[in-house]
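Report on the following structure.
We number each residue from 1, following the sequence as shown. Just follow the structure's listing: the first ligand is 1, and inside any ligand the first atom is 1. Everything numeric here is computed off the predicted structure, so don't read it as measured data.
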Amino acid sequence: MQINTDLARIQPLSLGAAHQVRIDVLRTDLIHPVISGNKWYKLRFYLDDAIAKGYTEIASFGGAYSNHIVATACACQQFNLKSFGFIRGDQTEQLSTTLQSAQSYGMQIQFVNRTDYKNKASIMDQYPKTGRYWIPEGGYGLIGAKGAATILEKVHLQDYSHIVAAIGSGTMVAGIINASLAHQKILGISSQKNNASLEAEVILLVNTENQDRFLYVPDYHFGGFAKHPSELIEFMNQFWLKENIPTDIVYTGKVFYAVTDLLEKEYFKSGDRVLVIHSGGLQGNLSLPENSLLF
Ligand SMILES: *Cc1c(COP(=O)(O)O)cnc(C)c1O
């Protein structure tokens, strides 16, 4: 499998200099154009597990714009596994670009209406138990978190006082908290609005002794999941001009906005050393009108 995680490199930001705060970005977006960023790390041990157990078919769940779905499809093609995507909602006349790519990697797409989608177990029960390996939506679960922990594998962790990452399902941030050191604070920036159970879902995947390193930050969703008011787009363009880093409207744009705002509000103190995870996901920007972004 040719995913070269060595391509994830550290890039310092100029952002914190005025506050005497060092801010580095871990560019996991650079490891692969499709199996981008955290998606590969979350999938890797599920795929290892499936192959070790002799499965030849992988199935998973997601929305019509799910990066997890297209990453799963692409990874399965590379591993010579058949892939099946169960997609939330009714079939649209034209497939989203995300689903079209998933299909181009050989994934069989099946739509499931929103009511039935809530009961994943009953969908799984419709298929024989043998032969098909199910990966939870978003890779959520202990195996996904274990993979996400390897995001930090090549980072010199002692260098940092804080780590900042986006929260979708919470799998990535859980892995990062598990891999973190006792003196560190891990800030999870939620991409969702009013999801009262999200913090607990993260905690569910975190070792007990690491749980109090976690700070759940719900204030930077910009109106809700994938919502992208012009203020966010403008920020992403300015960030590109200043730091030369592309971001996405669903996760990383909001993460870097949060970091900038927390600096201005002096949450980060002189001498702090902050690692921000660029978790990839740039495909999300394809849904924007042309020329919205400078990158
Ligand atoms: C999927 C995704 C996330 C969310 O990761 P979770 O493990 O589901 O919390 C964050 N950032 C990017 C860029 C993503 O594509």
Side-chain angles (χ1 to χ4, degrees), residues 8 25-46 60-75 85 88 98 101-102 135-152 163-179 186-192 195 197-206 214 216-218 220-222 224-226 228 232 236 239 245-259 275-287 295:
V25 180
L26 180 62
R27 297 284 309 272
T28 75
D29 57 311
L30 301 173
I31 65 171
H32 192 278
V34 181
I35 316 171
S36 167
N38 75 359
K39 298 295 176 283
W40 163 245
Y41 296 92
K42 291 196 289 177
L43 281 170
R44 62 197 299 179
F45 294 139
Y46 284 114
S60 195
F61 300 94
Y65 295 93
S66 163
N67 289 334
H68 163 72
I69 283 292
V70 68
T72 301
C74 187
R88 180 183 60 242
T98 311
S101 331
I135 298 177
E137 182 171 28
Y140 180 83
L142 289 170
I143 297 177
K146 185 173 161 231
T150 67
I151 289 176
L152 297 178
I163 305 175
V164 187
I167 298 184
S169 68
T171 314
M172 167 172 60
V173 90
I176 285 171
I177 301 165
N178 283 335
I186 319 307
L187 279 65
I189 312 298
S190 178
S191 59
Q192 302 182 29
N195 183 338
S197 56
L198 197 50
E199 184 174 4
E201 282 159 20
V202 174
I203 292 289
L204 209 55
L205 303 180
V206 175
F214 177 42
Y216 178 70
V217 183
Y220 297 100
H221 56 68
F222 281 84
F225 189 72
H228 49 277
L232 179 66
M236 289 163 61
F239 190 72
I245 296 179
T247 52
D248 78 283
I249 53 173
V250 185
Y251 299 107
T252 56
K254 296 176 183 182
V255 164
F256 286 106
Y257 186 97
V259 170
L275 179 69
V276 187
I277 311 299
H278 192 314
S279 38
L282 299 169
Q283 308 94 308
N285 293 341
L286 293 173
S287 66
F295 46 93

- What residues, two or more places apart in sequence or in another chain, satisfy salt bridge (charged side-chain N to carboxylate O under 4.0 Å, His left out) together with Asp248? none
Enumerate, atom names and distances included, each donor-acceptor pair closer than 3.5 Å involving a side-chain atom of residues 198-205, sequence neighbours excluded.
residue: Glu201; atom: OE2; partner: Ser197; partner atom: OG; Å: 3.0

- Note on the structure: With sequence neighbours left out, the residues meeting side chain to side chain contact (heavy atoms under 4.5 Å, CB included) with Tyr65 are Ser96, Thr98
- N/O donor-acceptor pair under 3.5 Å between Ser36 side chain and Pro33 backbone: no
- Has the side chain of Ser279 got a donor or acceptor atom that lies under 3.5 Å from a matching backbone atom of Gly37? no
Every pair of nitrogen or oxygen atoms between ligand 1 and the protein that is under 3.5 angstrom apart - can you list them with their distances to 0.1 Å?
residue: ligand 1; atom: 5 (O); partner: Asn38; partner atom: ND2; Å: 3.0
residue: ligand 1; atom: 7 (O); partner: Lys42; partner atom: NZ; Å: 2.8
residue: ligand 1; atom: 7 (O); partner: Thr171; partner atom: N; Å: 3.4
residue: ligand 1; atom: 7 (O); partner: Met172; partner atom: N; Å: 2.8
residue: ligand 1; atom: 8 (O); partner: Lys42; partner atom: NZ; Å: 3.0
residue: ligand 1; atom: 8 (O); partner: Ser169; partner atom: N; Å: 2.7
residue: ligand 1; atom: 8 (O); partner: Ser169; partner atom: OG; Å: 2.6
residue: ligand 1; atom: 9 (O); partner: Gly168; partner atom: N; Å: 2.7
residue: ligand 1; atom: 9 (O); partner: Ser169; partner atom: N; Å: 3.1
residue: ligand 1; atom: 9 (O); partner: Gly170; partner atom: N; Å: 2.8
residue: ligand 1; atom: 11 (N); partner: Ser279; partner atom: OG; Å: 2.7
residue: ligand 1; atom: 15 (O); partner: Lys39; partner atom: NZ; Å: 2.8
residue: ligand 1; atom: 15 (O); partner: Asn67; partner atom: ND2; Å: 3.2

- How many angstroms lie between NE2 in His278 and CZ in Arg27, if you round to the nearest 0.5 Å? 5.5 Å
